[in-house]
Structures are given as C-alpha cells and as structure tokens.
Amino acid sequence: MAKIATWNVNSVKARLPNVLDWLRAAEPDIVCLQEIKCVSDAFPRLEIEDAGYSVAVHGQKTYNGVAILARGNLEDVREDLPGMDGDEQARYLEVAVDIGGRMVRVASIYLPNGNPADSEKFTYKLGWMDRLRDHAAELLALEESVVLAGDFNVIPEDGDVYDPDGWREDALFRMEVRRRFRSILNLGYTEAYRTLHREIGRYTFWDYQGGAWQKGFGLRIDHLLLSPQATDMLEACDIDTAPRGKPKASDHTPIWCTLTP
DNA sequence: ATGCCGGGCGAAGCCCGA
C-alpha cells in the first residue's frame, strides 16, 4: 500500500513545524508540496530527510516552487512541462518512485491561479492547462501508475465551492478552465476524491480572510488525478482538515489517497 | 468588500495569493 498526498503549504519555511508534525501523524509515502516559496538550495532538506524522506525540489525565489518527498529513491526527475522549459515560474516537478518494488510516477503541480479573468494571467493559465493535458496524454502512453497531484486552482463543479453563483466568473471556476480540467480526465484519468465520495461541500482551501475557515467557506481545488493503472489500485481518498485548524496553518489542507496492489 | 489575512522581502510598505 502506498499513501500519496498533496499539500499547498504556502511557504515551506513558515510551515516546517506543521509539515513535520503532519508527516509523523499521517505517515504518507509520497507527498507533493506546492508554494514552497524558496530556491531549491534553501529547502529544509535535512529536516525532511531526518523524517525519513528523499527530496526533490524545483524551487524559485519568493513565489511558487514545488517539491516531492518520498520514502524511496527518486528517479527520472523532470522539472518542467514539455514546451515550457523557458518558464521562470516553478510550477511542475515529476519523479518516478520505487515503493516496495512497485513504480509510481508522480507529478507535483501548482497550476496558475489565473485571476483576474480578463488579464494575461488567465491566458497563461489556459496555456499551462493545454500543455499539462498534452503531457498527461504522453504519460498515459507509458501505461504506468501515474498520479498528477497538486493545487490545480480549479473548482470542478458547483458542489465544490460554498457559493457557486458568486464564483461563476472567477478564474478558478470559469467554464474555459473547467472544460480543460475535464479534458484531462477525459483522456483517461480519474479524479480520486470525487470517484469515492459523492457528498458536496468538502473543501481543501479556506481563505485566511473573513473567517472563511470558521464559516466553512471553502473551495475544493487540490486534486489527485490517477492513470488507469493507478485507479485500479485506488482504495481510499480523503481530505485531512486537521492541519487547517492548527496555529500557523496554511490556507490549504492535505488531500491523500492510498493505492493497494 | 479583491485585500478583511498571511508570507516574502527587507526593514516600511508593497506584491501576491484564491
């Protein structure tokens, strides 16, 4: 069994105690982190390795940055989506991990936010999604267990946001974005959480402002997308809301799945 | 109510997130 998680930590330095606590409590085998907000050399590698994890980092100064932690050796490291090699924004990292003799290919994804929706930021988001779809299609051809994990900044459906009508024109919920998200699923990927849970109103993000956490005003925007080979092993998936309620919390909370041969 | 909170940077106030 392999437990695979993703968590936008909103600065790995500010969140290090929370991250270490959660690694001990949740005991994941693979963790994809987003918004680490530091260059690769500044990542707290020793502390994470002491907790029992190998580390791959694609960092950037001040903004963005992604990492993958794994109990196992990391191979085939890729630091950018094909066609985005010149991109200065560190939003993608992909590795192959040997978990107990079984290979899983995992990507840590920090998809652009895209707001405001009438700006070049939105155009950048749509282009980024098109390249992610193309690469996701290439990964399917490998016929491996693949997990695309991360902060997609996509609200898939009305039940994934506390006020769907209020968010209709937001870059996280616009139809252009939801269509592209579905086009990735339609290649043959399975969204782990929604496949196992039908209830609405389960979220992975609550804004720091306006008491959103206390009021339950959240969004489900962090996702685990599984190739058919991974989906065949999908046993459980859930959102761990505990980290969001702790002091010095990230505004996102982890979501995880277990794959059992 | 797009800046109510929180982080980075850098040492006050601005940029950014979703």
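In what follows, chains carry the letters A, B, and so on, assigned in the order in which the sequence lines appear, proteins first and then strands, with residues in each chain numbered from 1.
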Taking atom [atom1] in both [N] and [M], compute the distance separating them and give it to the nearest angstrom.
N	M	atom1	answer
dG10(B)	dC14(B)	C1'	11 Å
dA12(B)	dG7(B)	C1'	16 Å
dG3(B)	dG8(B)	P	23 Å
dG13(B)	dA1(B)	P	28 Å

Rounded distance in Å - [atom1] ([X]) to [atom2] ([N]):
X	N	atom1	atom2	answer
Lys61(A)	dG8(B)	NZ	P	11 Å
Asn18(A)	dG6(B)	CG	P	13 Å
Asp251(A)	dG3(B)	CG	P	18 Å
Leu16(A)	dG8(B)	CG	P	12 Å
Glu35(A)	dG17(B)	CD	P	8 Å
Phe217(A)	dG3(B)	CZ	C1'	17 Å
Lys215(A)	dC4(B)	NZ	P	15 Å
Trp167(A)	dT2(B)	CH2	P	13 Å

For [X], which contact category applies under a 4.0 Å heavy-atom criterion: base, sugar-phosphate, or nothing?
X	answer
Asp151(A)	sugar-phosphate
Phe173(A)	nothing
Asn64(A)	nothing

Output the distance between atom CZ (Arg179(A)) and atom CZ (Arg182(A)), rounded to the nearest 0.5 Å.
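Output value for this atom pair is 7.5 Å.
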
Side-chain donor-acceptor pair present, [X], [Y], cut-off under 3.5 Å:
X	Y	answer
Asn115(A)	Lys121(A)	no
Glu35(A)	His252(A)	no
Tyr124(A)	Asp87(A)	yes
Asn10(A)	Tyr208(A)	yes
Glu144(A)	Ser227(A)	no

Shortest side-chain distance from [X], nucleotide among [options]:
X	options	value
Ala14(A)	dG3(B), dG17(B), dG8(B)	dG8(B)
Arg91(A)	dG3(B), dG7(B), dG17(B)	dG17(B)
Thr62(A)	dG8(B), dT2(B), dG17(B)	dG8(B)
Ser11(A)	dG17(B), dG8(B), dG3(B)	dG8(B)
Asp170(A)	dG8(B), dG17(B), dT2(B)	dT2(B)

Relative to the 5' end of DNA chain B, which residue comes earlier, Gln209(A) or His252(A), by the nucleotide with the nearest heavy atom?
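By nearest-heavy-atom nucleotide position, the 5'-most residue is Gln209(A).
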
Please compare Val12(A) and Leu219(A) by the position of their nearest nucleotide in DNA chain B and report the one closer to 5'.
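In this pair, the answer is Val12(A).
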
Protein within reach of the bases, or only the backbone? For nucleotides 11-16 of chain B, mark each nucleotide 5' to 3' as B, S or -, using heavy atoms under 4.0 Å.
----BS

Closer than 4.0 Å, any side-chain N/O of Arg15(A) to the OP1 or OP2 of dG6(B)?
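No.
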
Flag yes if Leu187(A) and Ile109(A) sit in one hydrophobic cluster, no otherwise; membership is Ile, Leu, Val, Met, Phe, Trp, Tyr, and two members link when side-chain heavy atoms are under 4.5 Å apart.
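Linked, Leu187(A) and Ile109(A) end up in one cluster.
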
Specify whether His197(A) and Tyr193(A) have parallel, tilted or perpendicular ring planes, treating 30° as the upper limit for parallel and 60° as the lower limit for perpendicular.
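Answer is parallel, since the angle falls under 30°.
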
